[in-house]
Undergrad: 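Have a look at this one.
Labels below follow one simple rule: chain letters A, B, ... track the order of the sequence lines, proteins then strands, and each chain is numbered from 1.
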There are 4 protein chains.
Amino acid sequence: MANSKKQTVKQQKIIQTAIELFAEKGYANTSTAEIAKQAEVAEGTIFKHYGTKDRLLLSIIVPYLKEIFPSMADEVIGEIMGRNIATFDEFLEGFFTNRIQFFNENKEIFQVLVKEFIYNQELRNELFPYFSENVLLRFGKIFDHFQERGELENIPRERVMKMLFTFIGGFFVSRFVILTDYTITEEEIDDAVRFVMNGLRG
Amino acid sequence: MANSKKQTVKQQKIIQTAIELFAEKGYANTSTAEIAKQAEVAEGTIFKHYGTKDRLLLSIIVPYLKEIFPSMADEVIGEIMGRNIATFDEFLEGFFTNRIQFFNENKEIFQVLVKEFIYNQELRNELFPYFSENVLLRFGKIFDHFQERGELENIPRERVMKMLFTFIGGFFVSRFVILTDYTITEEEIDDAVRFVMNGLRG
Amino acid sequence: MANSKKQTVKQQKIIQTAIELFAEKGYANTSTAEIAKQAEVAEGTIFKHYGTKDRLLLSIIVPYLKEIFPSMADEVIGEIMGRNIATFDEFLEGFFTNRIQFFNENKEIFQVLVKEFIYNQELRNELFPYFSENVLLRFGKIFDHFQERGELENIPRERVMKMLFTFIGGFFVSRFVILTDYTITEEEIDDAVRFVMNGLRG
Amino acid sequence: MANSKKQTVKQQKIIQTAIELFAEKGYANTSTAEIAKQAEVAEGTIFKHYGTKDRLLLSIIVPYLKEIFPSMADEVIGEIMGRNIATFDEFLEGFFTNRIQFFNENKEIFQVLVKEFIYNQELRNELFPYFSENVLLRFGKIFDHFQERGELENIPRERVMKMLFTFIGGFFVSRFVILTDYTITEEEIDDAVRFVMNGLRG
DNA sequence: AATGAATGAGACTTCATTCAT
DNA sequence: TATGAATGAAGTCTCATTCAT
């Protein structure tokens, strides 16, 4: 996951354990004592490195959002969109497949992010800029790209993108946060792409 | 809201205040002391009536789910479906309109429900039976009804209903829990219905 | 000591114990756990009543300064100055005698006040207004009073009052805070009065 | 200041920083972490050199009292008293002028000394011997000297010296520890000398 | 000589809950 | 029914100190 900068072994264990526990029980219901115990570390060590419990949470969420998410997104966009992707259908399928794989590999950290995003209004306000800047903006560009190619014409972009995000958000949150043991099949990806494409085309 | 059964004035204030605070900051981040103070009630009074903080939460959620939600749902189904609704389009529009109005009137309690449902695994496990029994089952019946009438034919019910719920869930959670100041226009309801209908018809 | 308002027995014990320990070891070197133990009270009880350790300190100091000190001072001034006191000598002797008795009865709280006043810059800044308003101002009036009567004439009031306060401050701090077991004799009061009077008359 | 003996640069920075912080906030309210950070030194380095925080404090105070203070005092006494000083007035003026300059140059270390002396009973007990040995004893000799010369006759030495120290203590503590930004004028030195001389002659 | 990661005891504080009134 | 003083377990955080490098 590359949390950058020389992390000690203990730090890695702290972060890893915190992710697991925050994902399972939520930030507010996880005590630093519990993290320390499970990470086999003194409680003081947590605070030496992260200062406050709050900053520990941000140490998990911010790199995930700030470094990893956009870079992966660019990868998705650049690599996939640049070359062989001709239609929005194909793009969507690539997007779902790619993101599903990514979230499967980082299920817990995604759960932390979503749970706290929904639970904690302050955090939500802090994260919103990242969100709109990275996600909304990029998606907008992709939309433009395909519209220039002649696809998705005559569609009120803003209104339709809302529907798209509503579905995508519901999809990932329900599958990865609520139904934690759910397995997404290829068939379901097809269903989702078709549902969205038909919805958009109107 | 009819929380019925000889509630004292103090009890009503406690419940009302608890809903407000739980909605705003979440159950885990709200102390009974804070509720007591804002409800202008002694802390002991809360525990005289509800025993534990946990039971106070359930005193809010359970009636909402158990009594009010299903009864309203039946109303939706019975009243609306029984008579003049001919098409699934019409049903959907009625459903959205009706639920939007309902959640607008009970925004905070809906926020409490969703937040805790997502945050608290134990609560989720407890509530799931209600959910599938009332929501999924009823919707299934409605689906059957319209299929019998010749609509939505040749559609794999289970798979398509998943997509439907994904969108509906995303719609209400994003509009009422995440974007707390959002206002839904009639135009947007139309967009949503069209998006869903097209998606389903595929 | 009349800390006004219905105090519970536990509150009184907390305050009393806190005064003793703060006087002995200083605020910063006294833990709330220690206070709780010696006051035979749960640690939580301290925080129920005073919120923070800091407010506990202020609950000791402020009433002492705000209510008791000025009222006693007025007593000194009014009672003593109004009637039978003809000379500044007599006033000073009355003042020393009265204050020595007072501080003997409240030795520990005086120690707390002085120690924290000297140790803690922030507290000093907060208390300075009270100090100058009550002590300096009143003393100024007394000075004026005696100057109008023809005593202490031709003396630059401000400069000489500085010397007076320097001595008085040194006197009470050294005798009540530093040399905690010291006993002040009547002879020493005479010495002090004479020292000051000669000093002032120049 | 000549803290002599092969001190490394880091040691000097530690001592200097500790003096600054102890003076400002007091020993008890200053953490070794804070000292280390401000001195741009690792926390371990402090403990390599001084073993405990307590010994760091003593490393500041003891040399100041043990080596510098007396030697300077001797200088005052020998140099000044030996030669051209004829009267106690002159001596006092020399003393005030000399000490004011000295404390101005070492304001912070003097603040540390006074604050901890007043705050910390144990330290006070440890330092008392030095104090009476060096300060009281020397002053006694000076007193004798002037009495032999015919000045300050018929004065009960012990009782009057108490008054003298009371004033001097009050003077330096108030000007250098409490009113940290205060500037002492020559005029005020004159006032002080006159006040004391008149007081003593009584 | 110097570092800084790690510690664990203990500090202040919060909180759900109890109970006498 | 209602109060609010009291509790003590548990929470977050601080700190002097140790030790391997």
Undergrad: Salt bridge (Lys or Arg N to Asp or Glu O under 4.0 Å) with E34(D): which residues, sequence neighbours excluded?
TA: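 Only K25(D) meet the salt bridge (Lys or Arg N to Asp or Glu O under 4.0 Å) criterion with E34(D).
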
Undergrad: Among residues at least two apart in sequence or on other chains, which ones pass side chain to side chain contact (heavy atoms under 4.5 Å, CB included) with A33(D)?
TA: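 Side chain to side chain contact (heavy atoms under 4.5 Å, CB included) check on A33(D) returns S31(D), E43(D).
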
Undergrad: Please give the stem ranges for DNA chain E, sorted by first residue number, where a stem is three or more consecutive Watson-Crick or G-U pairs and both donor-acceptor distances are under 3.5 Å.
TA: E:2-21 with F:2-21

Undergrad: List in chain and number order the residues that pass side-chain hydrogen bond (donor to acceptor under 3.5 Å, both in side chains) with Q121(C), two or more places apart in sequence or in another chain; answer none if no residue qualifies.
TA: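 Once residues adjacent in sequence are excluded, the partners of Q121(C) under the side-chain hydrogen bond (donor to acceptor under 3.5 Å, both in side chains) criterion are R124(C).
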
Undergrad: With sequence neighbours excluded, what pairs up with K13(C) under the salt bridge (Lys or Arg N to Asp or Glu O under 4.0 Å) test?
TA: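 Only E40(C) meet the salt bridge (Lys or Arg N to Asp or Glu O under 4.0 Å) criterion with K13(C).
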
Undergrad: Which residues in residues 28-43 of chain C have at least one heavy atom lying under 4.0 Å from any atom of DNA chain E?
TA: T30(C), S31(C), T32(C), E43(C)

Undergrad: Taking side chain to side chain contact (heavy atoms under 4.5 Å, CB included) as the definition, give me every residue that meets it alongside Q38(D), ordered by chain and number, with sequence neighbours left out.
TA: T17(D), E20(D), L21(D)

Undergrad: Report the residues that fulfil side chain to side chain contact (heavy atoms under 4.5 Å, CB included) with K107(C), sequence neighbours left out, ordered by chain and then residue number.
TA: Q111(C), F176(C)

Undergrad: T8(D) side chain N/O closer than 4.0 Å to the phosphate oxygens (OP1, OP2) of dA2(E)?
TA: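 Yes, within the criterion.
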
Undergrad: F47(D): which residues meet the side chain to side chain contact (heavy atoms under 4.5 Å, CB included) condition with it, sequence neighbours left out?
TA: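 F47(D) satisfies side chain to side chain contact (heavy atoms under 4.5 Å, CB included) with T32(D) only.
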
Undergrad: Once ring-ring contact (aromatic ring centres under 6.0 Å, His included) is applied, do any residues pair with Y50(C), and if so which ones, sequence neighbours excluded?
TA: none

Undergrad: Please identify each residue that fulfils side-chain hydrogen bond (donor to acceptor under 3.5 Å, both in side chains) with E108(A), with sequence neighbours left out.
TA: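 Checked E108(A) against side-chain hydrogen bond (donor to acceptor under 3.5 Å, both in side chains); zero matches.
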
Undergrad: Could you identify which residues of residues 47-58 of chain C place a heavy atom less than 4.0 Å from some atom of DNA chain F, listed by residue number, or say none?
TA: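 Within residues 47-58 of chain C, the residues near DNA chain F are K48(C), H49(C).
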
Undergrad: May I ask you to establish whether K53(B) and Y27(B) are in a cation-pi arrangement, using a distance under 6.0 Å from NZ or CZ to the six-membered ring centre and at most 45° from the ring axis?
TA: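 That pair qualifies as a cation-pi contact.
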
